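Remember, predicted model here, so these are calculated numbers, not experimental data. Letters A, B, ... mirror the listed sequences (proteins, then strands); counts begin at 1. Below, each value reflects all heavy atoms present in this structure, side chains not excepted, and no hydrogens, waters or symmetry copies.
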There are 2 protein chains.
Amino acid sequence: MITLRQMEYLVTVVEQGSFTRAAELLHVTQPALSHQMRVLERAVGAPLLERLPRSVRLTPTGRALLPHARAALADARRSLCAARQAAGLEAGELEVATLYSVSLGVLPSALRAWRQAHPDVHIRLFEHRHVDELLAAMREGQADVAVGPPPPDWDGPVRALGVEEFVVVLPTDDPVGADGGGRVDLGVLAEREWVHYAPGHGLADLVERVCAAAGFQPRASVRTEQTASAPLLAAAGLGPALVPANVLPPGFDGLVLRPDPPVRRPLTAYSRRGGDPLTTAFVDVLAREATVLPAHLRDALQP
Amino acid sequence: MITLRQMEYLVTVVEQGSFTRAAELLHVTQPALSHQMRVLERAVGAPLLERLPRSVRLTPTGRALLPHARAALADARRSLCAARQAAGLEAGELEVATLYSVSLGVLPSALRAWRQAHPDVHIRLFEHRHVDELLAAMREGQADVAVGPPPPDWDGPVRALGVEEFVVVLPTDDPVGADGGGRVDLGVLAEREWVHYAPGHGLADLVERVCAAAGFQPRASVRTEQTASAPLLAAAGLGPALVPANVLPPGFDGLVLRPDPPVRRPLTAYSRRGGDPLTTAFVDVLAREATVLPAHLRDALQP
DNA sequence: CGTTGCCATAAGCTGCTCTCATGATCACGC
DNA sequence: GCGTGATCATGAGAGCAGCTTATGGCAACG
C-alpha cells in the first residue's frame, strides 16, 4: 500500500529536482528518501524518476501519477482541516498562564508539539513569579489554562502532568560530589552561601522551606530573578543552587546532585469548568508532551 | 501525520458500523483497529467516533472529515492506476512457462504477490515435464517468460532467482536417519528401490545423473508423473525419493536428508529481448518473492 | 587526473503496527 | 436479578518499517 509520506516525498523531489534538497526540506536524510522512492517504484511496478547525474526528472509513469498524488495530499490536509474546524480547533487564541521556571523547563516541548499540530492557533503566555500569583490570576479569569502545582480548592478540571524533581547544582569539582553516590544531605551545605532567588520569587519560598526542614536557614551569595541563571551561577562557584531538573539543558556542565530526602513538586494543568475544545486539546497535548522529567536526567534520578 | 491506512480503517468502521466487522474485512484484529482510531483521534485533537454498546457512530467532527478521507483514498488508488496504465501494467495477459516442479514449489508465493499487486493482469501458465521441452517452447515463442534452469545460448534477459536444493525423503523411522547428522551419501541407498519419475519427466534425468555420479543406477519401485506425489510415496515407505526442497510443505511428516555431496539446481527467469513492461514487472516480482529455498528448511539445509 | 556533487546500498537502532490476552461495560434472555 | 454474549479498550510483546550513519559508485567539472 502506498503511503501519503511516499507521495509527499515524491512531490518534493520533483519540485526541488534533487533528492538532496528535498531531503533537507523534508527533514530526513537522503538515503531515507532514496529508499522510499524505491519502495514506491516497486509498489507501482515501474520507475517514476529518472536519475540524472545532476538532476532528477519524472518518467511518463511518474508524470501520470503525480497529479493524483498531489490531490491525495491535498485531500488529507483538507480532512484534518475540516475536522478541526468542526471541532473548533482550527484557529483562535489560547491563553496559558504559568510560572517562570515552568515556561523555561516544562513547556517548550509541549508548545513545539502544539504548534506543529495546530499552526494557526496562537498562544499567549502569561508568566508569574509565584504560585500564589498564578492561582490568583486564574481565579480572576486571566487565562484559559494554567500550568503549575496543584491548586487548592479549584473547582474546574485539574490534569496531572507529572512530578518535577529538584536538584542541587555545584561546580564539577566540588568535594561534596566525591562521595554520596549522586545524592546529598542538604545539611552538609548548611554553612555554604547559596545561589538563592529574589524575594517574592516562588522558588525562594521553596528553598527556604526545604532548608528549614534540613535544620538551617540558607545565607545567600546572590539572589536571582531568573530561574535559568541559578544553575549557571552555581556551576560557576557562587554556591549551591536548588533548581528543577527540567531547566537543565542536555550536556549541562556542572555537578548535579539529588537532595536526600528528595525534593519534588507535582505539576498540573488546570482550567475552568465547561472549557472549550481548544483548551481541552491543549491540555491533552500537555499531558502527552510536557517534559516534566527530562530524559537525560531520568535514569540518574530514579531510585 | 495521518495515514491512508487510518483513513481506510475509519471509512470501513463507519460503513460496517462495527469495529469487529471492520477488523475482519480489513484482515487485522480489533485491538489494532481500535488503537489506530485512537491515534487518528489524537492527531485530529477530537473524537471522531462515538462508541455505543452495540454500534459505532460518527461525531460531527468525524462527519466533517469523512468525505475528504474518502477522496484521499480514491486519489491514492487513481494515482496507482494512472501510473500503471502509463506503464502498461494495468491489464492484460501474461504467459508464463515453467516446469511441473517449479509450478508446485517456487511459483505459488510469487504468483500470490503478483495477483495482489496486479489484480487485473491475467496469468496463463504453461507447464512442461522437461527442461528441454521448456526451452524449445520458449524458442518457438510460447510464453512471455519462462522459469527454469539457466537456458544455454539464450539471447534475451536472464534473471537469477536462486538455487534449488534437492533432498532425499524417507519414512521417519528409516535407519539411515539414525546417524549422519541430517546428511546422506547416496551410495548408502544404492540397493534400495527408489520412488522414481516417469520417463521423459525432467527429474528422472536428474535422479539418474546424480545416482550415476554416486556409482549406481537406481531401481524403481514406482515411477510417478507427479512431483508432488514423490515425497508422499517416499514417506510412506516405497523407497527414497529425491525432490526439490521447495515442494515440501511446512510440517511435512517424513525424514528429510541432504545428499552429500549436495544436489543443487539454479533457477532463472528468462524472457525475450525487448520485453514489455508487464514481463519486466513480473520478473521483478519473481526475483523478490519466489520461494526457491523455503524458510522452514533453510536453516536445516545451510552448511 | 583529482575533486566535488549526488544518488544508491548496507548495517544498525528505534519506534510503529500488529497480535494475543484480558478487562470493562452494556444488552438481552431466562 | 443473574448469567451470558457482544463489543470495544488496554497492556505486553514480537516483528517490521523507517529512519540514521557510513560508505561506495558514477558523472561532471576544473
Between B/Glu41 (side chain only) and B/Leu48 (backbone N and O only), is there a donor and an acceptor less than 3.5 Å apart?
yes
Within the side chain of A/Arg258, is there an N or O that forms a donor-acceptor pair under 3.5 Å with the backbone of A/Val167?
no
Over all strands shown, is B/Val39 touching base, sugar-phosphate only, or nothing at heavy-atom distances under 4.0 angstrom?
nothing
A/Trp154 side-chain N/O to A/Ser271 backbone N/O, donor-acceptor pair under 3.5 Å
yes
Can you find a side chain N or O atom of A/Arg51 that sits less than 4.0 Å from OP1 or OP2 on C/dA8?
yes
Span of DNA chain D, from the first to the last nucleotide whose atoms fall under 4.0 Å of chain A heavy atoms
D/dG18 to D/dA28
Identify, with sequence neighbours excluded, every residue that meets side chain to side chain donor-acceptor pair (under 3.5 Å) alongside A/Arg159.
A/Asp284
For the pair made of CG in A/Leu33 and P in C/dT9, what is the distance, rounded to whole Å?
14 Å
Of residues 4-27 of chain A, the positions that come close to DNA chain C - non-hydrogen atoms, cut-off under 4.0 Å
A/Ser18, A/Phe19, A/Thr20
Is A/Glu15 paired with A/Arg70 through a side-chain N to carboxylate O contact shorter than 4.0 Å?
yes
Expressed in angstrom and rounded to an integer, what is the separation of A/Leu49 atom CG from C/dA8 atom P?
9 Å
Does the side chain of B/Thr29 get closer than 4.0 angstrom to OP1 or OP2 of C/dC18 through an N or O atom?
no
Could you check whether any side-chain N or O of A/Thr98 sits under 3.5 Å from a backbone N or O of A/Val147, counting only pairs where one atom can act as donor and the other as acceptor?
yes
Of A/Ser34 and A/Arg54, whose closest DNA chain C nucleotide lies nearer the 5' terminus?
A/Arg54
Ignoring hydrogens and geometry, is there a side-chain-to-backbone donor-acceptor pair from A/Arg272 to A/Gly156 under 3.5 Å?
no
Rounded to the nearest angstrom, tell me the gap between atom CG in A/Leu48 and atom P in C/dA8.
12 Å
Quickly work out the A/Gln30 CD to C/dA8 P distance and round it to whole Å.
7 Å
How long is the line joining CG of A/Leu40 and P of C/dC7, in whole Å?
17 Å
Mind calculating the distance between NE2 (B/His35) and C1' (C/dG15) to the nearest angstrom?
11 Å
Side chain B/Thr59, main chain B/Pro47, donor-acceptor under 3.5 Å:
yes
Rounded to the nearest 0.5 Å, what separates atom CZ in B/Arg77 from atom CG in B/Leu4?
9.5 Å
Is the shortest side-chain N/O distance from A/Arg38 to OP1 or OP2 of C/dA8 below 4.0 Å?
yes
